[in-house]
Undergrad: 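Please find one structure pasted underneath; my questions will follow.
Letters go in sequence order (proteins before strands), and every chain restarts at 1. The structure presented is a predicted model; accordingly, all values stated were derived computationally and were not measured. We use all heavy atoms of the structure for the numbers below, so side chains are in, but hydrogens, waters and symmetry mates are not.
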Number of protein chains: 2
Amino acid sequence: MNIKTRMSNQDRSDMTRKALVKAARELFIEKGYGEAGTPELVRAAGVTRGALYHHFEDKQALFRAVAENELAEVAKLIERSATTASTTMQALESGTRAYLDAMQASGRAHLLLVEGPAALGVQTMKQLNSDSAAHTLRDGLAAAMAAGEIPQLPLDALTAILDAAFDRAALEMAQGASRTDIETALSALFRGLAAAK
Amino acid sequence: MNIKTRMSNQDRSDMTRKALVKAARELFIEKGYGEAGTPELVRAAGVTRGALYHHFEDKQALFRAVAENELAEVAKLIERSATTASTTMQALESGTRAYLDAMQASGRAHLLLVEGPAALGVQTMKQLNSDSAAHTLRDGLAAAMAAGEIPQLPLDALTAILDAAFDRAALEMAQGASRTDIETALSALFRGLAAAK
DNA sequence: GAATTAAACATACAGGCTGTTTGCATGAAT
DNA sequence: ATTCATGCAAACAGCCTGTATGTTTAATTC
């Protein structure tokens, strides 16, 4: 597979793109976006800087590709784990667990929650998120409100705040915090919301 | 005051340090840590790069000084607004409002919550935070638990999650989100916690 | 209070990194 | 078979960071 002779342009492009994204993912995690240099990056990917700048407009675009990859993976994992829950709140809680699981891939939380907003900007990150699957939370909350399972509250604000809570939960877990502790605290928040009529 | 002749070394140092931190604060906000170059920075501060590297070990140290400044300001504002509340939960809620207020200074939320973790690292930022005054939340929650106002929950996890919620609340508000919406959602979370026995 | 030392810069320099340009080789199209 | 386009490779230009060196002026010492 590594032999570069006798290959269609398509395949060659796919290979180098993937090699670049993979190496970038690792180096961005290890050193952070700012400290990860393209010379080292392409060395790790086994290509040249020429290839990089042929496939990506700039370093930022490469990071964006990495982030989009991660988000797609998260979305896939969440969809895959979607079970049939009887109440909307149960669906939300199981969705939360799926999200926490999906975010435990090594370095993913750091990449998406720390490097991403600084490298691409908060706005762009928000955009990428909603392009993939973050609307899950928003929709779930809206449904729960409609079903009367939680009180009527400003949807955008509540979504943002709970989203942040989940993100931090994922980040803490990725850094070694106790999963049961985190889930206990999150559940208490959820159940409290439901009780708070 | 701008005449640089006949000044003690102390005063000269203080002046240039302050000028650097001020200019850095603005440029880091405007362009982000990575894109803010020291040549432009020192021009804005009215000093030379020589002065910068005389006072700060490197660009990161300058950012750190900016962040510490902001955190100190936040802590000051929170302490100043500390009122006597009858219940621990009331104290927590008023503390929350004070925090949100303090974080509305232009660019502050972005600096501390977006640039900071990427530029200095999540760990260092956490450290700086706890060095200044973030333990307020943790202590408040512990007190509320001890007083039986909220259920017994893993303190670290709950603190982290609520901290994240407040941070995002501050960030959203700084970006134009409705304050009443945010406070409504936050209050619901709090009251829910209290109810969730 | 003269001489020495140390602080606060200013300037010049070295290396590295990003993005661009130019050249080349090979697969695709005609 | 020839032309064209794609996928790179390599060299280049500009900028930026951190360091090293020089200069001025305040602080200290004798």
Undergrad: C:dT11 phosphate, OP1 or OP2: any side-chain N/O from B:Thr48 under 4.0 angstrom?
TA: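 So the side-chain polar atoms of B:Thr48 never come under 4.0 Å of the phosphate oxygens OP1 or OP2 of C:dT11.
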
Undergrad: Expressed as a whole number of angstroms, how long is the span from A:Arg12:CZ to D:dA9:C1'?
TA: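 Between C1' of D:dA9 and CZ of A:Arg12: 11 Å.
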
Undergrad: Tell me, please, which residues at least two apart from A:Lys22 pass salt bridge (charged side-chain N to carboxylate O under 4.0 Å, His left out).
TA: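 Checked A:Lys22 against salt bridge (charged side-chain N to carboxylate O under 4.0 Å, His left out); zero matches.
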
Undergrad: Rounded to whole angstroms, how far apart are CE on A:Met7 and P on C:dT26?
TA: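 Spelled out: CE on A:Met7 to P on C:dT26 is 14 Å.
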
Undergrad: Dump the pairs, protein N or O against N or O of nucleotides 3-6 of chain D, anything under 3.5 Å, distances to one decimal.
TA:
none

Undergrad: Specify the closest pair of heavy atoms between B:Val66 and B:Val21, including all atoms of both residues, with the distance to one decimal.
TA: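 That would be CG2-O, 3.7 Å.
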
Undergrad: What is the separation between atom CG on A:Asp14 and atom C1' on D:dG7, rounded to the nearest whole Å?
TA: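 Between C1' of D:dG7 and CG of A:Asp14: 13 Å.
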
Undergrad: How would you list, by chain and number, every residue that makes a salt bridge (charged side-chain N to carboxylate O under 4.0 Å, His left out) with B:Glu40, sequence neighbours excluded?
TA: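 B:Glu40 satisfies salt bridge (charged side-chain N to carboxylate O under 4.0 Å, His left out) with B:Lys31 once adjacent residues are dropped.
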
Undergrad: Roughly how far, to the nearest 0.5 Å, is CD1 of B:Ile150 from CZ of B:Phe190?
TA: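 Separation between the atoms: 8.0 Å.
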
Undergrad: Whole Å only: how far is the NZ atom of A:Lys31 from the P atom of C:dG16?
TA: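 Atom NZ in A:Lys31 sits about 13 Å away from atom P in C:dG16.
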
Undergrad: Could you go through nucleotides 15-19 of chain D and list every protein N or O atom that sits under 3.5 Å from one of its N or O atoms, giving the distance for each pair?
TA:
from, atom 1, to, atom 2, distance (Å)
D:dT17, OP1, B:Thr38, N, 3.3
D:dT17, OP1, B:Lys59, NZ, 3.4
D:dT17, OP2, B:Thr38, N, 3.0
D:dT17, OP2, B:Thr38, OG1, 2.4
D:dG18, OP2, B:Tyr53, OH, 2.6
D:dG18, OP2, B:Lys59, N, 3.4
D:dG18, N7, B:Arg49, NH2, 2.5
D:dG18, O6, B:Arg49, NH1, 3.0

Undergrad: Mind listing the side-chain donor-acceptor pairs of residues 104-112 of chain B below 3.5 Å, one per line with the distance, residues two or more places apart or on another chain?
TA:
from, atom 1, to, atom 2, distance (Å)
B:Gln104, OE1, B:Ala174, N, 3.3
B:Gln104, NE2, B:Leu100, O, 3.2
B:Gln104, NE2, B:Ala170, O, 3.4
B:Arg108, NE, B:Glu70, OE1, 2.5
B:Arg108, NH1, B:Ala102, O, 2.7
B:Arg108, NH2, B:Glu70, OE1, 3.4
B:His110, NE2, B:Glu115, OE2, 2.9

Undergrad: A:Glu35 has an atom CD; how far is it from atom C1' of C:dC17, in whole Å?
TA: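 My rounded result for the distance is 11 Å.
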
Undergrad: Would you please test A:Thr159 and A:Arg138 for side-chain hydrogen bond (donor to acceptor under 3.5 Å, both in side chains) and show each step?
TA: CA-CA 6 Å; A:Thr159 303; A:Arg138 193 194 160 83; 4.8 Å; no

Undergrad: Specify the separation, in whole Å, of atom CZ of A:Arg17 and atom P of D:dC8.
TA: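 Taking atom P of D:dC8 as the reference, CZ of A:Arg17 is at 11 Å.
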
Undergrad: Within this structure, what is the NE2-to-P distance between A:His55 and C:dG19, rounded to whole angstrom?
TA: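 The answer, rounded to whole Å, is 17 Å.
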
Undergrad: With distance as the sole test, does A:Lys59 use its side chain to make a donor-acceptor pair with the main-chain N or O of A:Gly37 at under 3.5 Å?
TA: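 Not confirmed, A:Lys59 side chain does not pair with A:Gly37 backbone.
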
Undergrad: Please figure out whether A:Ala51 or B:Gln10 has its closest DNA chain D nucleotide nearer the 5' end.
TA: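 So the residue in question is A:Ala51.
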
Undergrad: Mind checking what makes side chain to side chain contact (heavy atoms under 4.5 Å, CB included) contact with B:Ser178, not counting sequence neighbours?
TA: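 Here the qualifying residues are B:Thr180, B:Asp181.
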
Undergrad: Determine, for A:Glu73 against A:Lys76, whether the closest basic-nitrogen to carboxylate-oxygen distance falls under 4.0 angstrom.
TA: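 Between A:Lys76 and A:Glu73 there is a salt bridge, with a charged N closer than 4.0 Å to a carboxylate O.
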
